There are 2 protein chains.
Amino acid sequence: MSYSRHQLIALLRKHGIAPTHQRLEIANVLFSRCEHLAADQILTLVNERHAETSKATVYNTLNLFRDCGLIREVIVDPKRVFYDPNTQPHHHLYNVDTGEITDIPADDLTVSGMPELPPGMVTEGVDIVVRIRAL
Amino acid sequence: MSYSRHQLIALLRKHGIAPTHQRLEIANVLFSRCEHLAADQILTLVNERHAETSKATVYNTLNLFRDCGLIREVIVDPKRVFYDPNTQPHHHLYNVDTGEITDIPADDLTVSGMPELPPGMVTEGVDIVVRIRAL
DNA sequence: GCCAAAGATTGGACTTTGTCTAATCCCCGG
DNA sequence: CCGGGGATTAGACAAAGTCCAATCTTTGGC
């Protein structure tokens, strides 16, 4: 699940994003681990060795990646947005005690009976969050 | 869908909540309309005639109502939490352009293939959000 | 009905997450 | 090698929500 520098550059280019140093660092953090990270965690990870990326750039970059379809937002915690490097359709298990987020493959879960949308509307996505907690 | 003062008092008491003036005002705002309101909207509505309820009380009360199962949080907008007076199982249509939230009755939508939970875990709820936007 | 204790409410300071801005920096094409 | 457009930055700002200590209400026992 880790990417070489070349692969990351190609990935950004494919999405029309100029591969700057900071963007590569952020992309590396996102794609080198299969976790759901919040902006502040990414900021910390990216600056672990040498502080070289600002808060503003992390937010700019995450929004850019999201707009370009490189990553996806996961909205389960009212306190912060998590970013998911997996843009394939899938869903989430959310541990309300610990805040831990786990993937549920899309093919495991099927939804039937989707309501008809108002005319002129299209579905952008279906997010399913299964909230769990310790007994 | 509107409740009398007596009904609201009974509703709060049934959930073990002491019916104070402010709580009744907030409950009235929530239950007298079938909308999904955010805390700041509730604060405004409650103080429309005479300012008499503080921000802190609105937040305290919403958290209390939520903990007592009187209302439910709807987490779809990373900017703010919405509160849903309908605690029956159901799901939501979220218009990403306008922010509008609409209910989907639970029996319209069925989910199959729920993954097995880790031992000692229980499902607290399943939230489905269908994100829609104008074509 | 009255009183004290328990609980509720309050303004305002504070925290956290995220955005904005204007200045600076860097990188690429010519 | 140079100029300009895009990227980055620090820090100010904004909005949502929490916390606190002081004050005010409610309520249950008499």
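Every chain is numbered from 1 and lettered A, B, ... according to where its sequence line falls, protein lines coming before strand lines. Computed from a predicted model, the values in this text were never measured in an experiment.
- For B:Leu12 and D:dT27, the CG to P distance is 11 Å, given to the nearest whole Å.
- Each end of the helix from C:dG1-D:dC30 to C:dG30-D:dC1 gets its own rotation axis from five pairs of C1' atoms, and the angle between them is 30° to the nearest 10 degrees.
- Side-chain contact between A:Val129 and A:His91: absent, with no pair of heavy atoms (C-beta onward) separated by less than 4.5 Å.
- Side-chain atoms of B:Glu35 and B:Leu30, non-hydrogen and from C-beta on, never get closer than 4.5 Å to each other.
- Under a 3.5 Å cut-off, the side chain of A:Asn47 and the backbone N or O of A:Glu52 do form a donor-acceptor pair.
- Under a hydrophobic clustering in which Ile, Leu, Val, Met, Phe, Trp and Tyr are joined whenever their side-chain heavy atoms come within less than 4.5 Å, directly or via other members, A:Met114 and B:Ile104 fall into the same cluster.
- Judged by atom type and distance alone, B:Lys55 does not reach the base of C:dG11 through any side-chain donor-acceptor pair under 3.5 Å.
- Regarding contacts with the backbone of D:dG17, every side-chain N or O of B:Asn63 stays at 4.0 angstrom or more from both OP1 and OP2.
- The CD atom of B:Gln22 sits 10 Å away from the P atom of C:dG11 (whole-angstrom rounding).
- Computed from coordinates, the A:Asp77 CG to C:dT17 P distance equals 9 Å when rounded to whole Å.
- Counting to the nearest Å, the C1' atom of D:dA7 and the CG atom of A:Leu24 are 13 Å from each other.
- For A:Ser54, the side-chain atoms get nearest to D:dA10 when compared with the rest of D:dA10, C:dT17, C:dT19.
- For C:dA8, one of the phosphate oxygens OP1 or OP2 lies less than 4.0 angstrom from a side-chain nitrogen or oxygen of B:Arg23.
- Side-chain contact between B:Thr110 and A:Val111: absent, with no pair of heavy atoms (C-beta onward) separated by less than 4.5 Å.
- Applying the 4.0 Å criterion to OP1 and OP2 of C:dG18, one finds that A:Tyr59 has a side-chain N or O inside that range.
- Using a 4.0 Å cut-off between a side-chain N of Lys or Arg and a carboxylate O of Asp or Glu, A:Arg131 and B:Glu124 qualify as a salt bridge.
- Applying the ring pair (Phe, Tyr, Trp, His ring centres under 6.0 Å) test to A:His92 and every residue at least two apart in sequence or in another chain returns A:His36, A:His90.
- Linking Ile, Leu, Val, Met, Phe, Trp and Tyr residues whenever their side-chain heavy atoms come within less than 4.5 Å leaves A:Val126 and A:Ile71 in two separate clusters.
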Go along nucleotides 20-25 of chain D 5' to 3' and tag each nucleotide: B for a protein heavy atom under 4.0 Å from its base, S when only backbone or sugar atoms are that close, - otherwise.
------

Show me, pair by pair, the donor-acceptor contacts under 3.5 angstrom made by side chains of residues 73-81 of chain B, not counting sequence neighbours?
from	atom 1	to	atom 2	distance (Å)
B:Glu73	OE2	B:Arg66	NE	2.9
B:Glu73	OE2	B:Arg66	NH2	3.3
B:Asp77	OD1	B:Lys79	N	2.7
B:Asp77	OD2	B:Arg80	NH1	3.4

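- Toward the 5′ end of DNA chain C lies the nearest nucleotide of B:Thr61, the other residue of the pair A:Val81 and B:Thr61 mapping further downstream.
- Atom CG of B:Leu37 and atom P of D:dG17 are 13 Å apart (whole Å).
- No side-chain heavy atom of B:Leu12 sits less than 4.5 Å from a side-chain heavy atom of B:Ile9.
- Under the 4.5 Å side-chain heavy-atom criterion for grouping Ile, Leu, Val, Met, Phe, Trp and Tyr, A:Phe65 is connected to A:Leu11 within one hydrophobic cluster.
- Within residues 39-53 of chain A, the residues approached by DNA chain D to less than 4.0 Å at the level of any non-hydrogen atom are A:Glu52, A:Thr53, in residue-number order.
- Transitive grouping of hydrophobic side chains (ILVMFWY, heavy atoms separated by less than 4.5 Å) keeps B:Tyr59 and B:Phe82 in distinct clusters.
- In terms of polar N and O atoms assigned as donor or acceptor, the side chain of B:Lys79 never comes within less than 3.5 Å of the base of C:dG18 in a complementary pairing.
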Going 5' to 3' through nucleotides 23-30 of chain C, assign each nucleotide B (protein heavy atom under 4.0 Å from a base atom), S (under 4.0 Å only from sugar-phosphate atoms) or - (no protein heavy atom that close).
--------

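- Under the 4.5 Å side-chain criterion, counting only non-hydrogen atoms from C-beta, A:Tyr94 is not in contact with A:Thr102.
- Backbone-only engagement by A:Thr20 is indicated by non-hydrogen atom pairs under 4.0 Å involving sugar-phosphate atoms exclusively.
- Checking side-chain atoms of A:Asp103 against main-chain N and O of A:Pro105 turns up no donor-acceptor pair under 3.5 Å.
- Atom CG in B:Leu62 sits about 10 Å away from atom P in D:dT18, given to the nearest Å.
- Summarising the geometry, the separation between CD on A:Glu25 and C1' on D:dT8 is reported as 14 Å, rounded to the nearest angstrom.
- Side-chain contact between A:Tyr83 and A:Leu37: absent, with no pair of heavy atoms (C-beta onward) separated by less than 4.5 Å.
- As a whole-Å value, the separation of A:Leu64 CG from D:dG6 C1' is 12 Å.
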